[in-house]
There are 2 protein chains.
Amino acid sequence: MADVARRAGVSAMTVSRALKGTGTVTPETQARILQAVAELGYVLDKSAGALSSKKTGFVSVLIPSLNNSTFSDTVHGLIDVLDTQAMQVLIGTTGYSRAREEAVIETMLQRRPEGIVVTGGRHTPRARAMLTAAGVPVIETWEQPAAPIDHVVGFSNAATVEDLMARLVDRGYRRIAFIEGGEGDDPRGEDRRAGYERAVARHRLERTCVIAVGRVPISMEDGARAVVQLVETWPEVEAVICVSDGPAFGAIMECHRRGWAVPGRLAIAGFGDFELARQCWPSITTVSVGSRDLGRQAGSLMLEAIAARYAGAPLSPRRVTVAHTLVERDSTARRASPPTWAGRVA
Amino acid sequence: MADVARRAGVSAMTVSRALKGTGTVTPETQARILQAVAELGYVLDKSAGALSSKKTGFVSVLIPSLNNSTFSDTVHGLIDVLDTQAMQVLIGTTGYSRAREEAVIETMLQRRPEGIVVTGGRHTPRARAMLTAAGVPVIETWEQPAAPIDHVVGFSNAATVEDLMARLVDRGYRRIAFIEGGEGDDPRGEDRRAGYERAVARHRLERTCVIAVGRVPISMEDGARAVVQLVETWPEVEAVICVSDGPAFGAIMECHRRGWAVPGRLAIAGFGDFELARQCWPSITTVSVGSRDLGRQAGSLMLEAIAARYAGAPLSPRRVTVAHTLVERDSTARRASPPTWAGRVA
DNA sequence: CTGTTAGCGCTTTCAT
DNA sequence: ATGAAAGCGCTAACAG
């Protein structure tokens, strides 16, 4: 920077101002500086700037896994918004493990993010303590924690599945099962199952039928295995909700292989509204939570919270509930065989 | 840090050493320092450390999009490896645009990454210049550029599709089409198409039949639209290769809807070996390039290159070719209807 | 094994 | 509108 300053015949400070574009520099000086920058191939060092200004320009985002279209959609939404303020998103993956989340938080804090977005509302005590002590805005997403750390942008996983159950009951299904992950920690999956169980009680259905397979996040193949197990265990079941669209898809494909009509022999629903749910044959009934929009909303709130904090008036904890939509498609239709065209684009 | 030092009765330097764990600190002192750290809730500031040591601990990775299981797998592989050395991956998305790539590179360089991984081998001249001038190891992936910037971990997209074509021809298919994206810049897609065209020439097939739809990256729905267009345009076509597994899946589902047997009426192959390709009914013939392993290999090479650079002996440009595998499944089998079980787990 | 000194490259603050 | 001085929090380098 000193080199640029010398070449442009100004002080380093003026170069700094010119590069930040605060407009407090004469157009001619500005031009001369940019010229020098170009000639020297100078690139601003934000690490140094961060140290000095105490603003790193980082926002940390913790998600269970990148290989999940749902969470990467949320991250995309966040980036969409944070990019406008030149904030860099630091992505950390926790592998569906609270212990790993704790470790990732510790590492992230060393980068002094100006805000932190986490997935879920359940953390180890130490993780929670670190997040609280960080002194920056924290947003918990994808859930609706009873005692939030700070802000929340989420929805009730249980409620979405209760809604879905109500719809299925409305369509005449009474013997409804639930497919979920076997091993591992998946709070959102557990909430969904709780919603299923509550609905079974509320609608006075005969019983709960839960098949647990694989390790979270459960795969398409797990869904395929589960549906076989389901039909063998409870042949009378008429419909099944899978904890996400992946296994729902796997289950449907397995039914095709075995010649079990969907929804004729068994109606199948998922969660998440993946692209594949709309394109599958039959198209899959699911719950859409607008993952990308969730990310955008978290991004906007984060920017607001960060600005408020620097303005000396920190935002009081906000709780944003994102809407979910039931997307009823062919996989749960009350028909003997899947249709050809109708409902293809739901 | 000074606070910690005072409380532990040592100098800041000793605290720094203790925290880095170089082992040059007495166990007792170490314990006293960690105690003080815990009591004060002190968190190391890596930004400051980076400025001082000139090692940021960042490696930048540029990918077209996070919402593509293929690239996020590669990123996961990279993180797997870089995490072991406490390197933080900075992810940048370019949205399949060279112009955006250039902009993202410029932003990334301000963070002084110790290495840069980019997707593809074609960049704007300025992007290329910046990468070269950055003075850190650069790895181009997912392609096999003729004139690499530095290192390469990739494969020939054209060759993979040529192999796939050879296999289809071997299986007796002669009228083979190709489905690709319409608008947008997708170098790897173009390479694959080039491979298709070369194969058409080599095997003296009658003609090339290319259907271009949508905007890159093309969706499942684009694949569905394309297959209809294909059958309408060239009803005599017996097999089609899609530029990726997504549209191949969409095409197959559309065939189901219309009652066109796959592979009976039309054989369909994809690229990428997504989870969905194995689980689909019929299972999809595809090319596997081991995206996650590609990421791991890039990660290892990056660590080596970074170490070599600090050792004063920069690695001379390396070219790693990752193997690809043809995964022949039911969607191209020479049978009238899809099988029930065989080949399900290819 | 531990401490001292200097300085990384920038921005804040205050002055002009 | 621009400059000078000081310092952000840490670590390299050297000394002891």
Side-chain angles (χ1 to χ4, degrees), chain A residues 1-34 36-37 40-58 86 88 107 109-114 134-136 310-312, chain B residues 1-34 36-37 40-58 86 88 107 109-114 134-136 310-312:
Chain A
M1 194 156 185
D3 295 343
V4 174
R6 205 170 306 118
R7 190 170 189 112
V10 294
S11 75
M13 200 50 239
T14 306
V15 174
S16 175
R17 285 194 266 250
L19 256 36
K20 199 181 291 178
T22 43
T24 75
V25 178
T26 305
E28 303 127 43
T29 317
Q30 173 102 9
R32 210 153 14 97
I33 290 171
L34 293 181
V37 165
L40 291 155
Y42 168 76
V43 179
L44 188 68
D45 185 333
K46 286 213 176 180
S47 300
L51 182 60
S52 175
S53 67
K54 303 174 144 252
K55 293 185 186 176
T56 55
F58 288 133
Q88 167 76 248
T107 309
L109 289 178
Q110 303 191 339
R111 298 292 182 180
R112 297 288 189 273
E114 299 182 49
V136 297
Y310 291 136
Chain B
M1 193 159 189
D3 295 343
V4 174
R6 206 169 306 121
R7 189 172 192 112
V10 294
S11 74
M13 198 54 234
T14 306
V15 175
S16 174
R17 284 193 268 249
L19 257 33
K20 201 183 290 179
T22 43
T24 73
V25 178
T26 304
E28 303 126 44
T29 317
Q30 173 103 9
R32 214 160 4 105
I33 291 171
L34 293 180
V37 165
L40 291 149
Y42 169 75
V43 179
L44 189 68
D45 185 334
K46 285 214 176 180
S47 299
L51 182 61
S52 176
S53 67
K54 302 178 143 248
K55 292 185 186 176
T56 56
F58 288 133
Q88 167 77 247
T107 309
L109 290 178
Q110 304 192 337
R111 298 289 182 181
R112 297 289 188 272
E114 298 183 49
V136 296
Y310 292 136

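Order of the sequence lines fixes the chain letters, A, B, ..., with proteins taken first and strands second; residue numbering starts at 1 for each chain. All values below come from the heavy atoms of this structure, side chains included, with hydrogens, waters and symmetry mates left out.
Taking each heavy atom of A/Lys54 and A/Tyr310 in turn, the nearest pair found is O-OH, 4.3 Å. B/Ser11 and B/Ala5 get closest at one heavy-atom pair: C-CB, 3.6 Å. A pairwise comparison of heavy atoms in B/Thr56 and B/Arg112 identifies OG1-O, 2.7 Å as the closest pair.
Every pair tested for side-chain hydrogen bond (donor to acceptor under 3.5 Å, both in side chains) that includes a residue from residues 40-51 of chain A fails, sequence neighbours excluded, so the list is empty.
The distance from atom CZ of A/Arg6 to atom P of D/dG3 is 14 Å, rounded to the nearest whole Å. Per the geometry, NZ belonging to A/Lys55 stands 18 Å off C1' belonging to D/dG9, to the nearest Å. Rounded to whole angstrom, the span from the CG atom of B/Leu19 across to the P atom of D/dT11 amounts to 8 Å. Look at CE on A/Met1: it is 13 Å from C1' on D/dT2, rounded to the nearest Å.
Looking only at side-chain heavy atoms (C-beta outward), A/Leu34 and A/Leu19 come within less than 4.5 Å of each other. Counting heavy atoms from C-beta outward, B/Val4 and B/Arg7 have side chains that stay 4.5 Å or more apart. With contacts defined as side-chain heavy-atom distances shorter than 4.5 Å, the pair A/Ile33/A/Gln30 does not qualify.
With A/Ser53 contributing its side chain and A/Gly49 its backbone, the two residues share a donor-acceptor pair below 3.5 Å. For B/Gln88 (side chain) and B/Phe58 (main-chain N/O), no donor-acceptor pair under 3.5 Å exists by modelled atom type.
Mapping heavy-atom proximity under 4.0 Å, the span of DNA chain C touched by chain A runs 5' to 3' from C/dG9 to C/dT12.
Residue contacts shown for B/Ser11 include a base, since a base heavy atom lies under 4.0 Å away.
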Quick test: give all pairs of protein nitrogen or oxygen and nucleotides 5-8 of chain D nitrogen or oxygen below 3.5 Å, distance rounded to 0.1 Å.
| residue | atom | partner | partner atom | Å |
| --- | --- | --- | --- | --- |
| D/dG7 | N2 | A/Ser52 | OG | 3.2 |
| D/dC8 | O2 | A/Ser52 | N | 3.3 |

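For A/Thr29 and D/dT2, the shortest distance from a side-chain N or O to OP1 or OP2 is below 4.0 Å.
Of the two residues near DNA chain D, B/Ser47 and B/Arg17, the one whose nearest nucleotide lies more 5' is B/Ser47. Closest-nucleotide positions on DNA chain C for A/Val43 and B/Thr14 were compared, and the one nearer the 5' end corresponds to B/Thr14.
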